[in-house]
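Since we're looking at a predicted model, the values are computed, not measured. When a ligand or atom number is given, it counts from 1 through the structure's own listing order.
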Amino acid sequence: MGYKDVYGAWREDPNGFWMDAAQAIEWDKQPSKALFDAGDGQFEWFADGMVNTCWNAVDRHVENGRGEQVAIIWDSPITHTKREITYVELRNRVANLAGALRAKGVEKGDRVIIYMPMIPEALEAMLACARLGAIHSVVFGGFAAHELAVRIDDAQPKCIIAASCGMEPGRTVHYKPLLDGALAQAKHQPDFCVIFQREQEVAHLEEGRDVNWHGFQYGTEPAECVPVEGNHPAYILYTSGTTGQPKGVVRHTAGHLVALNWTMKNIYNVDPGDTFWAASDVGWVVGHSYICYAPLIHGNTTIVFEGKPVGTPDAGTFWRVISEHKVRSFFTAPTAFRAVKREDPKGEFVKKYDLSCLQTVYLAGERADPDTITWAQQQLGVPVIDHWWQTETGWAIAANPMGIEELPVKLGSPSVPMPGYDVQILDEAGHPVPAGTLGAIAIKLPLPPGTLPTLWNAEARFHKAYLEHFPGYYETGDAGMIDDEGYLYIMARTDDVINVAGHRLSTGGMEEVLASHPDVAECAVIGVADPLKGQVPMGFLCLNSGCNRPHEEVCKEAVALVRQQIGPVAAFKLCCVVDRLPKTRSGKILRATMVKIADAEEFKTPATIDDPAIIDEIRAAVRELGYAKEPA
Ligand code: COA
Ligand code: AMP
């Protein structure tokens, strides 16, 4: 069957399609049907089944003869370490950790926050939660204490599992002080914290609250897998929205298992036993789905890579890892390839390695520019597949389904919708537009298994953010078009979200931080084009009248404030002071116009602008920052 047949089969009988896919999962109690309408635009999948994620990702492979297969390869060029963990070792380690957590009171439904770098223990912590039916929420290590505190207060965890430190090129990230700082700010306090002491840094443990990862496992019984309902939350993953308050995307257990397992063969074209590598971070959705869960559920070997595309030690690291561990499908962000290409444009490092094991490369997380795709195709000699998805969906909305059929690649397009997704382009009034016309990208409800059913503690926000604007549809927040052959093109976000080196960030969140500076009366943050990171944030500050401090000084403080409040990952370095911001007569800041000025794109001055003279003031300010340069 080709793509059209498979997509057609889903359209004809969605329930049958997903019930078939569900056969690949081992259930404690089979679900009676696939889709459950929970009312009010909310849908659940396999809700009356009983199942356990850890059983399906780990134990069943041991039972089925894969015990000696390597489950996780840890490759850490930054610490010069490599390690392999087989499925049987993983089962034992996860069962012991889960048993120790249970002995300290963690049960089904309790939340556990995980704040760890790219070490296998991060996956073990996730799986131990899944084993108990506890709901984990992994927080990315590049976030600062304040962001961690916000997530602690929202998720209200019984326990936090953290590492003593993370390793970034040239510096150690002191996780434990960040955790202590977050707990000092948070209203909610966990019952206890488990600290994994890395050999690079041994953190101080607070008596009565902190326990040592190894020590607290002595003398406890390993835990068995606890069956949970199909609609039991497996995890919460916070992602950026339009404000500083992140959205807690909820993932239900059964749909997650069924959908992710389906993608491994149909999209990524790997068979059980193959090595699959997603070079992302466990703190992001790509890390949840394709470093941890999907490869393990499908019986693959997954790689936990602690390093960077360049500098650890060189631009050949990716190729070394691929050839050494026989990676068959490789997934990364376009920004990582741009970093490699910048250092090694001619691919001298590529030539040093035998990459015959590599079958396909997948890109996601941000727009894949045609130059980067073409470069990667030429260097690697394999298909380079762009695919589009979001934290909310957990797996690809549009892709080239290599395990079904290799469709012709169209540069600039993540190809076609996957089964489960009825993708439509709508105009402002919610009407579908003709092929080739730009509009808001929406997905007809219900969304498929594995996608978000709601937001944690924020039902109303879920409706407002995703369902309200286009009744009957899920609003993706992306704008784009579909061509007459059904290929999708993702052009821009329709909200305040920007993508910095594949990291999803909220300019609204940064504005909230800048507005808290005592000298700032008003501010705006926009995302401007960057040749390496895709986008970087740029801040504009209007100072309080009477503030006559040097502008550079205030900007320096503003930059430091964002780093301290949100974290280094925000990469907020461009900041300037302006007398006023461009606004409409009704007071709305014209951010889209500011982006066009900074990116030196052609634009029409909006008819609603309060004072057109301000355009030149903004242009002068961004030129000071090295943007919108005058032609030489
Ligand atoms: N823990 C702590 N700090 C982190 C971090 C982590 N897990 N990840 C990044 N940071 C820090 C970096 O050290 C850097 O700090 P600095 O300002 O002190 O230098 C800052 O956050 C910005 O990091 P980043 O955006 O990653 O930029 P970079 O200049 O360090 O590296 C790339 C550029 C392109 C090599 C890198 O961004 C990259 O590998 N990107 C791929 C991203 C990815 O996989 N995204 C997932 C989507 S699929
Ligand atoms: P995240 O939730 O971090 O995965 O970010 C999701 C957003 O990243 C999407 O809504 C898009 O704006 C953008 N994105 C992800 N993948 C792609 C892609 N292949 N092409 C264009 N944009 C993408």
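- At a 4.0 Å heavy-atom cut-off, ligand 1 touches Asp281 through the side chain alone.
- Exactly one of Tyr7, Trp389, Trp395 qualifies for a ring pair (Phe, Tyr, Trp, His ring centres under 6.0 Å) with Tyr421. That residue is Trp395.
- The shortest heavy-atom distance from Val310 to ligand 1 is not under 4.0 Å.
- Between His288 and Tyr235, the two ring planes are tilted [angle within 30° to 60°].
- For ligand 1, none of its N or O atoms has an N or O atom of Ser280 under 3.5 Å away.
- With a 4.0 Å heavy-atom cut-off, ligand 1 is reached by the side chain of His503 but not by its N, CA, C or O.
- If you look at Pro169 next to ligand 1, there are no close heavy atoms at all, none under 4.0 Å.
- The option from Glu366, Glu306, Glu343, Glu168 that lies nearest to atom 10 (N) of ligand 1, judged by heavy atoms, is Glu168.
- Screening Leu488, Thr437, Val416 for a side-chain contact (heavy atoms from CB on, under 4.5 Å) with Ile482, the sole residue that qualifies is Leu488.
- Tyr290 and Thr302 share no side-chain donor-acceptor pair at under 3.5 Å.
- Atom numbering of ligand 1 starts at 1 in the shown order; those under 4.0 Å from a heavy atom of Lys533 are 22 (C), 24 (P), 25 (O), 27 (O), 28 (P), 29 (O).
- Looking at Glu147 and Arg151, a side-chain N of the basic residue comes within less than 4.0 Å of a carboxylate O on the acidic one, giving a salt bridge.
- Distances from ligand 1 to the non-hydrogen atoms of Ala571 include no value under 4.0 Å.
- Which parts of ligand 1 touch Gly502 is read off a 4.0 Å heavy-atom cut-off, strictly below it: atoms 45 (N), 46 (C), 47 (C).
- Here is the list of ligand 1 atoms found below 4.0 Å of a heavy atom in Pro309: 35 (C), 39 (O).
- Counting heavy atoms closer than 4.0 Å to ligand 1, residue Thr335 contributes atoms from both its backbone and its side chain.
- Taking a 4.0 Å cut-off on heavy atoms, Arg171 registers as neighbouring ligand 1.
- In terms of heavy atoms, Trp456 sits closest to Asp154 at NE1-O, 3.4 Å.
- Between the side chains of His469 and Glu428, a donor-acceptor pair is found at a separation under 3.5 Å.
- For atom 31 (O) of ligand 1, the protein comes within 4.0 Å by no heavy atom at all.
- Of the N and O atoms on the side chains of Tyr115 and Lys176, not one donor lies less than 3.5 Å from an acceptor on the other residue.
- A salt bridge links Arg338 and Glu366; the closest N-O separation between the charged side-chain nitrogens and carboxylate oxygens is under 4.0 Å.
- A heavy-atom cutoff of 4.0 Å around ligand 2 is satisfied by the protein residues Val285, Gly365, Glu366, Arg367, Asp386, His387, Trp388, Trp389, Gln390, Thr391, Asp478, Ile490, Arg493, Asn499, Arg504.
- Ligand 1 has at least one atom lying under 4.0 Å from a heavy atom of Arg563.
- Using modelled atom types, one finds no donor on one side chain facing an acceptor on the other under 3.5 Å when comparing Ser413 with Ser415.
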Practice prompt. Take Thr239 and Arg504, measure what side chain to side chain donor-acceptor pair (under 3.5 Å) needs, and give me the verdict at the end.
Written response: CA-CA 7 Å; Thr239 190; Arg504 175 167 160 180; 3.2 Å; yes
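- Heavy atoms of Ala501 approach ligand 1 to within less than 4.0 angstrom.
- Residue contacts with ligand 1 leave out Gly166, since none of its heavy atoms falls under 4.0 Å from the ligand.
- Nearest heavy-atom pair, Leu123 versus Ile291, reported as atom, atom and distance to 0.1 Å: CD2-O, 3.8 Å.
- Proximity of the aromatic rings of Phe331 and Trp277 is defined here by a centroid distance below 6.0 angstrom, and this criterion is not met.
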